[in-house]
S.K.: 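First the structure, which I've put down as structure tokens, then a few questions once you've had a look.
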Amino acid sequence: AIALAVPAATARAEVDPLLPVEASLARLSLLNRLSTGSEGVVRELAGEAAARPGDPEPLVWLGIVHIKLGQPRRAIRVLRTAEKAGESSGLHKALGVAYYMERQYELFRQQMEKALAAEPPDPAPLYYLGRHFDSDELDFEKALTYLRRFLSQRPDFARGQYQAGFCLA
């Protein structure tokens, strides 16, 4: 299932935590088009990346599309290429999610720590780390620490509240 993303000004609580903080409406609508078929979206982003070879941003979005399509290996290849081109909002977070999907947990944690240090500030890596320590490491105390930090910045995010409550159970 593909989660539809909406502009932060409209419904901040519903925005997919995978998306870069500075996601434009054009990029969000591109992801929403995935529900009707992915070929056109992938082709459009690949063309944009080829036209802007030094810009990591289209590659980051192409990586996010591959993640949404359940293709983490393709996402990793594209995002590693983006990483060589430079920094971009959401790069490390997306790469971390792709590594997570491949059960490369150490690489996931490294990328999430890089994402936490990136600008603009994005609390989503705290959510992902909390989920990881809850589900994979069964370290509920550490998970709760990350989830509480996340919820201090995003108290309206229901999935974060649920996960934190689960850690307390």
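Start at 1 with the first residue, then count along the sequence.
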S.K.: For R109 and Y105, which I'm curious about, is there any donor-acceptor pair between the side chains at under 3.5 Å?
M.R.: no
S.K.: Please answer: with hydrophobic residues joined when any side-chain heavy atoms are less than 4.5 Å apart, are L138 and F166 in the same cluster?
M.R.: yes
S.K.: As an exercise, state the distance from CD1 of I67 to CZ of R74, rounded to the nearest 0.5 Å.
M.R.: 13.5 Å
S.K.: Quick one: CG on L116 to CD on Q111, what's the gap to the nearest 0.5 Å?
M.R.: 11.5 Å
S.K.: Any side-chain heavy atom of P58 within less than 4.5 Å of one from R27?
M.R.: yes
S.K.: From the options F157, F133, Y146, select the one residue that forms a ring pair (Phe, Tyr, Trp, His ring centres under 6.0 Å) with Y127.
M.R.: F157
S.K.: Are R159 and R154 packed together at the side-chain level, in the sense that at least one heavy-atom pair is separated by less than 4.5 angstrom?
M.R.: no
S.K.: Is a donor on one side and an acceptor on the other found under 3.5 Å between the side chain of S152 and the backbone of R149?
M.R.: yes
S.K.: I need the R148 CZ to Q153 CD distance, nearest 0.5 Å.
M.R.: 15.0 Å
S.K.: Evaluate the side chain to side chain contact (heavy atoms under 4.5 Å, CB included) criterion for residues L91 and L59: first the C-alpha distance (whole Å), next the side-chain angles of each, then the deciding distance (0.1 Å), finally the verdict.
M.R.: CA-CA 9 Å; L91 169 65; L59 291 169; over 6 Å; no
S.K.: Out of curiosity, Y99 OH to H92 NE2, how far, rounded to the nearest 0.5 Å?
M.R.: 11.0 Å
S.K.: What distance do E87 atom CD and K114 atom NZ have between them, rounded to the nearest 0.5 Å?
M.R.: 8.0 Å
S.K.: Side chains of V21 and P121, heavy atoms from C-beta outward: is any pair under 4.5 Å?
M.R.: no
S.K.: Whether E137 and K142 form a salt bridge (side-chain N of Lys/Arg under 4.0 Å from carboxylate O of Asp/Glu) is what I want to check.
M.R.: no
S.K.: Does Y100 reach the main-chain N or O of L95 with its side chain, forming a donor-acceptor pair under 3.5 Å?
M.R.: no
S.K.: Taking all heavy atoms of L147 and all of G160, pick out the closest pair and write down the distance.
M.R.: CD2-O, 4.5 Å
S.K.: What is the distance from atom OG1 of T81 to atom CD1 of I76, rounded to the nearest 0.5 Å?
M.R.: 12.0 Å
S.K.: Between A75 and A98, which heavy-atom pair has the shortest distance, and what is it?
M.R.: CB-CB, 4.0 Å
S.K.: Is any side-chain heavy atom of L129 less than 4.5 Å from a side-chain heavy atom of F150?
M.R.: no
S.K.: Which atom names give the shortest non-hydrogen contact between A85 and D55, and what distance separates them?
M.R.: CB-C, 4.5 Å
S.K.: Thinking salt bridges, do R52 and E48 make one under a 4.0 Å N-O criterion?
M.R.: yes
S.K.: Do the side chains of Y128 and L144 join up, straight or via other hydrophobic residues, at under 4.5 Å, putting them in one cluster?
M.R.: no
S.K.: Compare every heavy atom of M101 with every heavy atom of P72, then report the nearest pair and how far apart it is.
M.R.: CB-CB, 3.7 Å
S.K.: Side chain to side chain contact (heavy atoms under 4.5 Å, CB included) for E113 and Q110? Distances and angles first, verdict last.
M.R.: CA-CA 5 Å; E113 291 299 329; Q110 288 172 11; 5.9 Å; no
S.K.: Are any of the side-chain heavy atoms of P20 and I64 separated by less than 4.5 Å?
M.R.: yes
S.K.: Mark yes or no for whether K84, through its side chain, and L79, through its backbone, hold a donor-acceptor pair below 3.5 Å.
M.R.: no
S.K.: Please check if the side chain of Q161 supplies one atom and the backbone of P155 the other of a donor-acceptor pair under 3.5 Å.
M.R.: yes
S.K.: Take E44 and R33, measure what side chain to side chain contact (heavy atoms under 4.5 Å, CB included) needs, and give me the verdict at the end.
M.R.: CA-CA 12 Å; E44 184 178 330; R33 285 185 15 224; 3.0 Å; yes
S.K.: So which atom in A124 and which in P17 form the shortest heavy-atom distance, rounded to 0.1 Å?
M.R.: CB-O, 3.2 Å
S.K.: Might you confirm whether atom CD of E141 has over 12 heavy atoms from other residues, nucleotides or ligands at distances under 6.0 Å?
M.R.: no
S.K.: What's the verdict on side chain to side chain contact (heavy atoms under 4.5 Å, CB included) for W61 and L19, showing C-alpha distance, side-chain angles and the deciding distance?
M.R.: CA-CA 9 Å; W61 280 95; L19 303 180; 4.0 Å; yes
S.K.: Could you tell me whether the side chain of V42 reaches within less than 4.5 Å of the side chain of V65, counting heavy atoms only?
M.R.: yes
S.K.: Is F140 atom CZ crowded by more than 12 heavy atoms from other residues, nucleotides or ligands, each under 6.0 Å away?
M.R.: yes
S.K.: So, do M112 and V97 sit near enough that their side-chain heavy atoms are less than 4.5 Å apart?
M.R.: yes
S.K.: Below 4.5 Å, heavy atoms only, C-beta onward: do E102 and R73 meet side chain to side chain?
M.R.: yes
